[in-house]
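Side-chain atoms are counted along with the backbone in the values below, which use heavy atoms only and exclude waters and symmetry mates.
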Amino acid sequence: VTTASEASDVTIVGAGLAGAAAAAVLARAGHRIALVDPDPVCPPAFKAEKLEPDQAELLERLGLLQGILPHTAPIHAIRLGYRGHALATQAIEQHGILYQDLVNAVRRQVPTSVATRKARAVELVTGAELQTVILDSGERITSRLLVVACGTGGRLHRALGIEKRILREAHSLCSGFDIASEDGKPFPFAAVTYYAERLATRIDYATLFAAPGRMRLNLFSYREPRDPWVRALSDAPHAELERALPGLTRVIGSWCVTSRVEHRVIDLYVAEKPARDGVVLIGDAFQSVCPATGTGLSKVLTDVWRLCEAHVPAWLTTPGMGVDKIAAYYGDPAKTSMDRGSLEAAEYRRRFGTDDSLRWRVHRARCFGSMALAGLRVRMRHALAAGTPPTRQGPRIDRTL
Ligand SMILES: Cc1cc2nc3c(=O)[nH]c(=O)nc-3n(C[C@H](O)[C@H](O)[C@H](O)COP(=O)(O)OP(=O)(O)OC[C@H]3O[C@@H](n4cnc5c(N)ncnc54)[C@H](O)[C@@H]3O)c2cc1C
């Protein structure tokens, strides 16, 4: 069955964080929006599970944060661990939240004026005036602008004739599972970052953090997906992690694994020459991210902020949707600087976790040394103020690696 829907200003394909946030912001500004996604409710997905301070700020700016906060676990400090010691405690405001809860909280804030379609886009026909999206139901949706927010999948890129340039295949591996303390009591911390003690593990760090009703552990490594270690980690995560990070238990206490282990292989890519009449790519559809950098949601939300607050409102005031308009979004200084920073951070983290050169060994030693010194200084200050000797408990400092 092929039916034509009434034209809207913007059709958004994909209702992950990028698409749902864009739909909410544009519809609240009074634009006519169609939003297409096969899943009416975002299903469980192993992706971002924590909001960083800049991400909460961007969500607040977009008017979306308050609807998300009830679904988060607050984190006020991260204990920084290395070689069996809590070197320091970093003061920071983060929010633990499962990805599907984040997306569904944003979807609930999409105004009812948005025409939603529970369908998959299968064909895209774009031009300088009118865009047509053909759904797997046979329906055709037309609009002045098409926003593609389909995440890492490649089918729609091919439909647009846009190449995804692979910067590094299998750049990193992210593994995640739930943990609990062995005595069943709550952990005495909301978050721990524990850095690998040996380069041979090809692990950068493990991050443990509270999410509602659970403690999550995300492990960032630079292992090939077919490395037997990956299977071993799935089969016996506790034993394998004790072997790889022998000092972790000393920092967090006895622990056990309470869920299955999930892995995601991360390819780093960027859309090649994406500027086309009538269509823009946002979020992971434009550029992927290494989760170890914690910049994925910053990138998604910067795209949404710049596109929906600066560019789309201006584009809709004049006729046409030619490539000259579209190019302004891809050249937006806030967007380009965020995208570049995310890739630089990915390279930095990979070198931090794997580079055996003298330069990087010295760099790592300086990082851990200054972290330990800063921690010691704070402990001494506290001890002097209290008249008691310094303790092993991590002090609060305002720096991380
Ligand atoms: C394991 C892992 C851990 C991560 N950890 C972090 C972290 O700690 N911090 C951080 O900031 N970032 C992290 N990230 C990155 C972050 O999760 C992503 O950058 C972000 O989720 C991308 O959002 P998106 O909306 O672009 O894509 P997605 O969330 O993938 O949404 C894409 C949507 O498009 C829909 N779709 C796809 N194809 C079609 C189609 N043909 N028609 C209609 N709809 C379609 C899908 O159903 C989906 O709803 C992590 C990523 C991974 C994989």
Side-chain angles (χ1 to χ4, degrees), residues 8-52 54-72 95 97-121 124 131 133 135 141 143 145-153 156 211 279-289 295-313 329 335 338:
S8 50
D9 295 321
V10 184
T11 302
I12 300 169
V13 175
L17 182 66
V25 173
L26 289 173
R28 282 175 180 175
H31 304 296
R32 294 170 310 152
I33 307 299
L35 179 62
V36 178
D37 197 288
D39 297 309
V41 174
C42 180
F46 177 35
K47 293 187 183 182
E49 299 185 323
K50 194 166 48 163
L51 295 177
E52 301 292 337
D54 67 303
Q55 298 166 355
E57 233 172 75
L58 278 165
L59 284 164
E60 179 76 334
R61 181 186 183 112
L62 296 171
L64 297 168
L65 183 65
Q66 297 312 314
I68 294 169
L69 287 181
H71 310 281
T72 66
H95 303 273
I97 180 168
L98 299 185
Y99 188 65
Q100 63 270 20
D101 295 341
L102 171 64
V103 173
N104 287 324
V106 173
R107 285 188 182 186
R108 280 192 289 275
Q109 298 180 69
V110 172
T112 51
S113 62
V114 171
T116 53
R117 295 285 187 287
K118 178 179 164 285
R120 182 169 290 279
L124 309 172
Q131 326 311 323
V133 177
L135 307 181
I141 305 180
S143 56
L145 174 69
L146 171 61
V147 175
V148 174
C150 62
T152 54
L156 294 180
V279 57
V280 289
L281 306 179
I282 62 171
D284 281 7
F286 173 73
Q287 181 181 300
S288 66
V289 65
T295 56
L297 302 185
S298 313
K299 215 166 54 53
V300 164
L301 295 168
T302 300
D303 283 0
V304 172
W305 163 45
R306 297 313 299 153
L307 181 72
C308 301
E309 283 195 2
H311 299 291
V312 171
Y329 159 74
K335 172 175 170 51
M338 176 57 70

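Residues L124 and V279 form no side-chain contact, since every pair of their non-hydrogen atoms from C-beta on lies 4.5 Å or further apart. Counting heavy atoms from C-beta outward, H311 and K335 have side chains that stay 4.5 Å or more apart. For the pair I68 and Q109, the minimum side-chain heavy-atom distance is below 4.5 Å. In this structure, the side chains of Q66 and E60 come closer than 4.5 Å at one or more pairs of heavy atoms. Between L297 and K50 there is no side-chain heavy-atom pair separated by less than 4.5 Å. Counting only heavy atoms from C-beta outward, the side chains of E309 and R61 approach each other to under 4.5 Å.
Of the possible polar contacts, one joining the Y329 side chain to the L281 backbone as a donor-acceptor pair under 3.5 Å is found. Of the possible donor and acceptor atoms, none in the side chain of K299 sits under 3.5 Å from a partner among the backbone N and O of V289. Not a single donor-acceptor pair under 3.5 Å links the side chain of Q131 to the backbone N or O of L145. In this structure, S288 contributes its side chain and D284 its backbone to no donor-acceptor pair below 3.5 Å. Remark: side-chain polar atoms of R107 are paired, donor with acceptor, to backbone N or O of P40 under 3.5 angstrom. Of the possible donor and acceptor atoms, none in the side chain of R117 sits under 3.5 Å from a partner among the backbone N and O of I141.
Between I282 and A149 the shortest heavy-atom distance is CG1-CB, 3.7 Å. The two residues V103 and C42 have their closest heavy-atom pair at CG1-CB, 3.7 Å. Nearest heavy-atom pair, A105 versus H71, reported as atom, atom and distance to 0.1 Å: CB-CD2, 3.9 Å. Across every non-hydrogen atom of R28 and G63, the tightest pair is NH1-O, 2.8 Å. Between L58 and W305, the closest heavy-atom pair is CD2-CE3, 3.9 Å. Considering every non-hydrogen atom in both V133 and A121, the closest pair reads CG1-CB, 3.6 Å.
By the side chain to side chain contact (heavy atoms under 4.5 Å, CB included) test, D9 is found to be paired with H31, R32, L316, residues two or more places apart in sequence or in another chain being considered.
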Extract all donor-acceptor atom pairs below 3.5 Å that involve side chains of residues 14-23 and protein atoms in other chains or at least two apart in sequence.
none

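Applying the side-chain contact (heavy atoms from CB on, under 4.5 Å) test between L64 and each of V110, V304, V106, L102 identifies V106 as the sole match.
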Under the side chain to side chain contact (heavy atoms under 4.5 Å, CB included) rule, what do L301 and Q55 come out as? Steps first, then yes or no, please. CA-CA 7 Å; L301 295 168; Q55 298 166 355; 4.3 Å; yes
